[in-house]
Amino acid sequence: MSGNRKHRRGNYLKQRRRKFPVWIAAILAVAALAAAALWLWAGSGDRQASEPGQDSQAAGTSEATESSIPGTSAAETAGTLPQVAQSTGLTLSSVYTSSILNPDCGGKYAEEVASLEVTNSSGSYLVAATLTATMSDGTEVHFTVSDLPAGATAEIFDTENQSMASGVTCSALVCTSETYLDGDMLLSGTVEVTASGAAAVITNTGSGDLAGLTVVYHCDMAGQYFGGTSYTLTIDSLAAGESYTLSDGTLMGEVAVVRIYQ
């Protein structure tokens, strides 16, 4: 008897399962459609509100990529940067970290070292400058930059290759020494410098021979100098009308001649 009751109960449950889903499914379907409509309406409003911000962020990322060298990440914006204390012409436009072969530390590999983007905002040629940055964790970092024409910008790196901790920023930046020159730095009256791909062609446009020319140049990366370090070579003699092609396969970028003197 108990076995029969169990059998009948089993049939009853099966009948309920077949009967109830008809109206339950209808209710659930209507609720799902209403929820989907609300979600789509709210999502459309959110996307419209966020698109301008997303576009701006994408543009900012593109600008940062274009203005930075490979392997760098921005750490601060210009609005939060310290002034370059005790400098008559240098301005700071960016602070970040870099993992690179450091041109300001003899080409040694650098892992997340402090890096600055500085511009010679004076009207004179910067022969050399040294700077000391105090980071937010108290670390002192030293930089040098040489042979920076008026208006030019250089990305310069920690001369000691100290790795920076994540989130460390620049609290203060002091120029400890700087020297400027005025005048024609390229001997433009007798010398012409023209770009030729990754090289530079130096031509004696004067009527007499030139001897003992010292040529100073930088590594140009997309219009900015990569490193505060400049490079020199000597041309023993250059006859009138003669040209010398300067190329440097060790540079990551192109040759930018900044000064010629005898």
Side-chain angles (χ1 to χ4, degrees), residues 67-72 89-90 94 98-110 113-120 122 124-131 141-161 175-188 190-205 210-238 242-262:
S67 64
S68 299
I69 62 173
T72 64
L90 286 174
S94 185
S98 306
S99 295
I100 54 167
L101 295 175
N102 188 348
D104 297 334
C105 189
K108 295 179 181 178
Y109 179 70
V113 296
S115 313
L116 309 178
E117 187 176 284
V118 294
T119 299
N120 179 2
S122 75
S124 302
Y125 180 92
L126 175 68
V127 178
T130 58
L131 304 99
V141 184
H142 302 284
F143 302 88
T144 62
V145 56
S146 58
D147 297 294
L148 194 60
T153 297
E155 297 173 290
I156 63 177
F157 310 99
D158 177 8
T159 58
E160 298 172 349
N161 267 4
C175 181
T176 54
S177 69
E178 60 184 353
T179 305
Y180 292 89
L181 280 179
D182 291 313
D184 183 359
M185 296 294 111
L186 293 173
L187 299 181
S188 57
T190 54
V191 175
E192 180 181 72
V193 179
T194 56
S196 177
V201 178
I202 301 162
T203 303
N204 179 357
T205 58
L210 296 174
L213 290 181
T214 297
V215 181
V216 183
Y217 61 98
H218 267 282
C219 172
D220 187 326
M221 295 279 284
Q224 296 186 141
Y225 300 149
F226 177 57
T229 301
S230 61
Y231 309 90
T232 62
L233 67 83
T234 300
I235 302 175
D236 293 331
S237 63
L238 196 63
E242 185 181 4
S243 296
Y244 178 93
T245 299
L246 169 58
S247 61
D248 188 337
T250 66
L251 300 184
M252 291 180 62
E254 299 182 354
V255 170
V257 175
V258 294
R259 186 182 179 193
I260 300 174
Y261 63 91
Q262 287 181 293

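Just so you know, these numbers come straight off a predicted model, no measurement behind them.
Looking at heavy atoms from C-beta onward, Y225 lies in side-chain contact with V258 at the 4.5 angstrom threshold. In this structure, the side chains of I156 and L131 come closer than 4.5 Å at one or more pairs of heavy atoms. Between N120 and Y180, the closest side-chain pair of non-hydrogen atoms falls below 4.5 Å. Residues L187 and L213 meet the side-chain proximity criterion, which asks for heavy atoms closer than 4.5 Å. Within the 4.5 Å cutoff, the side chain of Y217 has heavy atoms near those of the D248 side chain. With a 4.5 Å cut-off on side-chain heavy atoms, L101 and M252 do not count as touching. Counting only heavy atoms from C-beta outward, the side chains of L181 and T179 never approach each other to under 4.5 Å.
With rounding to the nearest 0.5 Å, the separation of CG in D158 from NE2 in H142 is 8.0 Å. Considering CG of N102 and CZ of F157, their distance stands at 6.5 Å, rounded to 0.5 Å. L210 contributes atom CG, which lies 11.0 Å from atom OG1 of T203 (distance to the nearest 0.5 angstrom). Distance CG/L238 to OG/S243: 7.0 Å, rounded to 0.5 Å. To the nearest 0.5 angstrom, I235 atom CD1 is 9.0 Å from E242 atom CD.
H218 places a side-chain N or O within donor-acceptor distance of the main-chain N or O of D147, the cut-off being under 3.5 Å. Using modelled atom types, no side-chain atom of E160 and backbone atom of V141 make a donor-acceptor pair closer than 3.5 Å. Panel note: side chain N161, backbone V113; no donor-acceptor pair is recorded below 3.5 Å. Using a distance-only test at 3.5 Å, with no hydrogens or angles considered, a donor-acceptor pair links the side chain of S122 to the main chain of S124. When atom types are taken as modelled, the side chain of T153 and the backbone of Q224 share no donor-acceptor pair closer than 3.5 angstrom.
Nearest approach of Y109 to S99, heavy atoms of both residues: OH-CB, 3.7 Å. Of all heavy-atom pairs spanning A199 and S247, the tightest one is CB-CB, 3.9 Å. Closest heavy-atom contact between S146 and S230: OG-OG, 3.1 Å. Contact record, L90 with A129: CD1-CB, 3.9 Å, taken as the closest heavy-atom pair. Of all non-hydrogen atoms in P103 and Y231, the two that sit nearest each other are CB-OH, 4.0 Å. For P149 against Y125, the heavy-atom pair with the smallest separation is CA-CD1, 3.9 Å.
Shown are T245, L246, V255; of these, the side-chain contact (heavy atoms from CB on, under 4.5 Å) with V201 is made only by T245. The only member of V257, I202, V191 that meets side-chain contact (heavy atoms from CB on, under 4.5 Å) when paired with L186 is V257.
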| task | Before giving the answer on side-chain hydrogen bond (donor to acceptor under 3.5 Å, both in side chains), spell out for D104 and T159 the whole-Å C-alpha distance, their side-chain angles and the decisive distance to 0.1 Å. | result | CA-CA 5 Å; D104 297 334; T159 58; over 6 Å; no
